[in-house]
Amino acid sequence: MNKAKRPVVIAGNWKMNNTPAKTKALISELVPMVKDKNGCDIVLCVPFVDIDAAVKASEGSNIKIGAQNVHFAPSGAYTGEVSAEMLKECGVEYVIIGHSERRTYFGETDATVNLRLKAALSAGLKVILCVGEVKDERVNGITDEIVAMQTKLDLLGVSADDMKNVIIAYEPVWAIGTGLTATPEQADETCGVIRKTIAGLYGNDIAESTVIQYGGSMNAKNAAELLAKVNVDGGLIGGASLKAADFTVIVDAAQ
Ligand code: 13P
C-alpha cells in the first residue's frame, strides 16, 4: 500500500485548555471552517469535562471527539480516573494514550500504557498511542531503539485485528511545546522506524495500513512540509489546535 491509500488524521490535543463554554465557542467556530475538508479525518481530544460540550458542538459535522487518557479498569476504586465505557457513552471515539506529559508528570510507564491501550480497544475506542525520545536520547543516537522499544512494549498483547484501531503518534519530547520541530526528514525517518517495528510485529500489510502521525510543534507554517513526507500520515497538534484559523490551515495542508 502506498501513502495515498492510508487515511490522514489531523488531531488536536487541547491538553488542559478550554472550559466547556470555550469549547462550545471554539468548535462552533471551527465547524464551518472545516466542513468541506474531507481529505482527512479530524479529531479534537479535549479535557474530560469538555467532552459533553464538544460532542454537542460537533454533532452532524466532520469533527470527531477524543479524550486524552483512560483508565484500564472497567470500574472500581480509582479516584479521579475515567473508564473506557464512560468515554464511549459520552460519545468519545478516540483516546490519546501514553502522551509524554503523562509519562513525565504522572508516572505513566509502558506497562500502564499497555493496559490502558488494551482497555480502550476492548471498549471499541480508537487509540492514538504516543511514543518518542527525549533530547538526550536523540543526541546520543538511540532514538530508533527508544521508539522501537516503546512501540513493542506498548503494543504487547494487541492483536493484528485490533491494529486497525491504533494510530501511532511520533512525538519527539524535545519538540513538544518548545517551538522546536523535528525536520521533515527526521520526522519521516523516525515514523519509518515505527512502521518497520510494526512490520516486525504484525507483517507488512498492517505496517503499511497503520496511520503514523507526527506531533511536536506542528503548526500552520510547517504542517505542509511535514505532511508531505511518505511516512507521516497526519499530525497530533497541541498549541496550534487551540486557534481555529491555525488548525484549519493544518487541515488544509492535509487535503
Ligand atoms: P505542541 O504542538 O504544542 O508542541 O504539542 C504537541 C503535542 O504534545 C501533541 O500531543
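In this text the structure is predicted, and so the values were computed from the model without any measurement. Read the numbers this way: they start at 1 and go in the same order the structure lists the ligands and their atoms. Scope of the values below: all heavy atoms of this structure, side chains included, with no hydrogens, waters or symmetry mates.
Residue contacts with ligand 1: Glu101 is placed with no nitrogen or oxygen under 3.5 Å of a nitrogen or oxygen of the ligand (distance criterion only). Taking only nitrogen or oxygen atoms, main chain and side chain alike, Gly215 does not reach within less than 3.5 Å of ligand 1. At a 3.5 angstrom cut-off on N or O pairs, Gly216 does not count as close to ligand 1. Looking at Asn13 next to ligand 1, an N or O pair under 3.5 Å apart turns up.
Taking every non-hydrogen atom of Ala175 and a distance limit under 4.0 Å, the qualifying atoms of ligand 1 come out as 4 (O). Atoms of ligand 1 lying under 4.0 Å from any heavy atom of His99, numbered from 1 in the order shown and given with element: 7 (C), 8 (O), 9 (C), 10 (O). Against a heavy-atom cut-off of under 4.0 Å, Gly239 is close to the following atoms of ligand 1: 1 (P), 2 (O), 3 (O). Residue Glu171 has at least one heavy-atom neighbour below 4.0 Å for each of these atoms of ligand 1: 6 (C), 7 (C), 8 (O), 9 (C), 10 (O).
Ion pairing of Arg195 with Asp233 is present here, as a side-chain N (NZ or NE/NH1/NH2) and a carboxylate O approach within less than 4.0 Å. Ion pairing of Asp110 with Lys152 is absent here, as no side-chain N (NZ or NE/NH1/NH2) approaches a carboxylate O to less than 4.0 Å. Under 4.0 Å is where a charged nitrogen must lie from a carboxylate oxygen, and between Asp154 and Arg103 at least one such pair does.
The closest approach between Ala240 and ligand 1 stays at or above 4.0 Å for every heavy atom of the residue.
Looking from atom 5 (O) of ligand 1 to the surrounding protein, the closest heavy atom is Lys15 NZ, 3.1 Å. Among all protein heavy atoms, the one lying closest to atom 2 (O) of ligand 1 is Gly238 N, 2.9 Å.
More than 12 heavy atoms of other residues, nucleotides or ligands sit less than 6.0 Å from atom CD of Glu81.
With sequence neighbours left out, the salt bridge (charged side-chain N to carboxylate O under 4.0 Å, His left out) criterion links Lys24 to no other residue.
You'll find the side chain of Cys90 stays beyond 4.5 Å of the side chain of Val55, heavy atoms only.
Note: His71 and Tyr78 have tilted aromatic rings, judged against thresholds of 30 and 60 degrees for the angle between ring planes.
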**Worked check of side-chain hydrogen bond (donor to acceptor under 3.5 Å, both in side chains) between Glu133 and Trp174** = CA-CA 8 Å; Glu133 81 288 0; Trp174 50 269; 2.8 Å; yes
